[in-house]
Amino acid sequence: MSRRQEKFVPLTPGKVRMYVCGPTVYNTIHIGNGRAAVFFDTVRRVLMALGYEVIYVHNYTDVDDKIIRVAQEVGETPLAVAERYIRTYEEDMRALNVLPPTVSPRVSEHIKEIIALIQKLLEKGFAYEVGGDVYFRVEKFPRYGALSGQSVEALRAGARIEVDEKKENPLDFALWKRAKDGEIHWRAPWSRGRPGWHIECSAMSMKYLGESFDIHGGGIDLCFPHHENEIAQSEGATGVQFVRYWMHNGHVQIAKEKMSKSLGNIVQVRDILSRYGGMPLRFWYLNTHYRQPLEYHEEALVQAEQAVRRLQTFFDNVQHARMHAPLGALSTELKASVEAVSLSYWNALLDDIRTPDAITALFELVRLGHQHLTTGTGGSREDADYLFKTFSQWTVTLGFQFAGDVSYPPEVSSLLQEREEARKTRDFARADALRAKIEALGFRVEDTPSGQRVRMKDA
RNA sequence: GGGAGCAUAGCCAAGUGGUAAGGCAAAGGUCUGCAAAACCUUCAUUCCCCGGUUCGAAUCCGGGUGCUCCCUCCA
């Protein structure tokens, strides 16, 4: 709330409670939505790596005007539309290696809690009812605007909203909307209707995390009015501090413009996933600090893909050395240099989740490791094991995933055997022909001092 | 009109008072039967511009310029 970086101290030692605003499920998500999901997943992973128990709540907004509109267009019920897009969202999250939330509450299943919260606001005078609608009375809440750094006066002066005659003040926002004929609705004391957009997050976050919790996140666009409204509703109702730390990620831009439907420049997560896969996309996100705007370029994804390939290669090489390198004690020299890099790795993440710097440290580890493993005596199995464990710990914290051992069909292994023979007899023409055959099957064969080695082609 | 933020090499991107990280791309070298991978070397006298403060500024201050976002649904 200070609008600056603060030292993080959880409410309960050893435990972190965080809430991240989830998607409105009326279509597949674009790369901007993906950024938020990946970033907050990374925050969670860092906290976990530090030993905190993290309760992570990520909601689905499955009751909303846009969902109703889509439902009417395709002739399904709103909840069926929502259900379908929740499934596609979960698929996308898996591909991005985003951990499943501890709880994924849906608005439609929390109407009771929402009504109770509105009731409480009415009793305390923070809300009023007009013809079946209920609004929040912004003037009753003096701190309104503190999060986004705007004053009520300034907001009113710049208001672009068309004034709704029913409201006492143009800034007042809906807690409950009366349903129009035929729309999905629930019974409430004021009317048959549905909750306003902001109240759901207050109700659900407080249900699972308590009246006060540690971290609340979302895209920067949610800062105002959504999060501002959440604070007003929640603190109005409870009288205690709602959230201790707010985090907002920056937007993805395309050609210096915000992605938006009206500009027709939406890039879908699934689209990138199908062309590059989840890890390059995740890498691209994390290679920029979360509060910076991130500009989408085709070339940036290609670069990310290359970078991920380098990491995968290191993973493979170390894995190989763990099996084949000579036995021996862990090099103290290696240990010392890795520990130095480790310091900068963790410092980066501890200081406002500076993932780009953490990635830098990761690449330093890669270079160090390769250097050690390929120069002089070449490093021991212990060294490789140490490198592997460090690398794994760091990449798990960032949410990067690597393909394990390559498994290949019997036809490839017989070709490999033939090639081995050919190489022994120095029949290189035949060896090259066999390599081409293996490649045609989707694998790449490399010759190392310890024999032939197979990788996936383009993996 | 009000609020927030960004500008660093061919590209992506750190650095926020001590003399420009890292990745991708590119060039040369080592290794290799050839490759691949890896390693080594090279690649911004300079950080949008103009002033100022300082022994010292990409970093602080003042003034410009360009761009983005928010104030309406939005990650």
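Chain letters run A, B, ... following the sequence lines, proteins first and then strands; every chain starts at 1. Here the structure is a predicted model, which means the values were calculated and not measured.
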Work out how far the [atom1] atom of [N] is from that of [M], and round it to whole angstrom.
| N | M | atom1 | answer |
| --- | --- | --- | --- |
| B:rU45 | B:rA37 | C1' | 36 Å |
| B:rG22 | B:rA35 | C1' | 28 Å |
| B:rC40 | B:rC34 | C1' | 22 Å |
| B:rG28 | B:rA21 | P | 25 Å |
| B:rG3 | B:rU8 | P | 26 Å |
| B:rG2 | B:rC49 | C1' | 27 Å |
| B:rU41 | B:rA4 | C1' | 45 Å |
| B:rG52 | B:rG17 | C1' | 15 Å |

The side chain of [X] is closest to which nucleotide in this list: [options]?
| X | options | answer |
| --- | --- | --- |
| A:Thr24 | B:rA75, B:rC6, B:rA36 | B:rA75 |
| A:His251 | B:rG23, B:rC69, B:rA14 | B:rC69 |
| A:Arg455 | B:rA75, B:rA38, B:rA37 | B:rA37 |
| A:Thr313 | B:rG10, B:rA38, B:rC34 | B:rA38 |
| A:Ala36 | B:rG22, B:rA75, B:rC40 | B:rA75 |
| A:Asp357 | B:rA21, B:rG22, B:rA36 | B:rA21 |
| A:His30 | B:rA36, B:rA75, B:rC40 | B:rA75 |
| A:Gln371 | B:rG33, B:rC11, B:rC39 | B:rC39 |
| A:Asn317 | B:rA37, B:rG23, B:rA75 | B:rA37 |

Measure up the [X] and [Y] rings against each other and bin them: parallel (under 30°), tilted (30 to 60°), perpendicular (over 60°).
| X | Y | result |
| --- | --- | --- |
| A:His216 | A:His227 | perpendicular |
| A:Tyr60 | A:Tyr89 | perpendicular |
| A:Phe141 | A:Phe136 | perpendicular |
| A:Phe213 | A:Phe242 | perpendicular |

What is the separation between atom [atom1] on [X] and atom [atom2] on [N], rounded to the nearest whole Å?
| X | N | atom1 | atom2 | value |
| --- | --- | --- | --- | --- |
| A:Gln303 | B:rC12 | CD | P | 8 Å |
| A:His227 | B:rA75 | NE2 | P | 10 Å |
| A:Asp41 | B:rA75 | CG | C1' | 15 Å |

Query raised in the report: Below 4.5 Å, heavy atoms only, C-beta onward: do A:Phe40 and A:His58 meet side chain to side chain?
Result: no
Opposite nucleotide pairing with [N], Watson-Crick or G-U, both atom distances under 3.5 Å:
| N | result |
| --- | --- |
| B:rU59 | none |
| B:rC69 | B:rG3 |
| B:rA25 | none |
| B:rA14 | none |
| B:rA37 | none |
| B:rA44 | none |

Requested in this report: Please check if the distance between the ring centroids of A:Tyr56 and A:Tyr19 is under 6.0 Å.
Outcome: no
Query raised in the report: Taking the six-membered ring for Trp, is the centroid-to-centroid distance between A:His372 and A:Tyr386 below 6.0 Å?
Result: no
Reckon [X] touches a base, only the sugar-phosphate, or nothing at all at heavy-atom distances under 4.0 Å?
| X | answer |
| --- | --- |
| A:Gly34 | nothing |
| A:Ala300 | nothing |
| A:Asp432 | base |
| A:His248 | nothing |
| A:Gln306 | sugar-phosphate |
| A:Glu305 | nothing |
| A:His226 | nothing |
| A:Arg310 | sugar-phosphate |
| A:Arg435 | base |
| A:Phe428 | base |

Requested in this report: Show your working on ring pair (Phe, Tyr, Trp, His ring centres under 6.0 Å) between A:Tyr296 and A:His30 and close with a plain yes or no.
Outcome: CA-CA 12 Å; A:Tyr296 172 79; A:His30 63 239; over 10 Å; no
Requested in this report: Can you check whether any acceptor in the base of B:rA21 is under 3.5 Å from a donor in the side chain of A:Thr360, or vice versa?
Outcome: yes
Query raised in the report: Is a donor-acceptor contact shorter than 3.5 angstrom present between the side chain of A:Asp447 and the base of B:rC34?
Result: yes
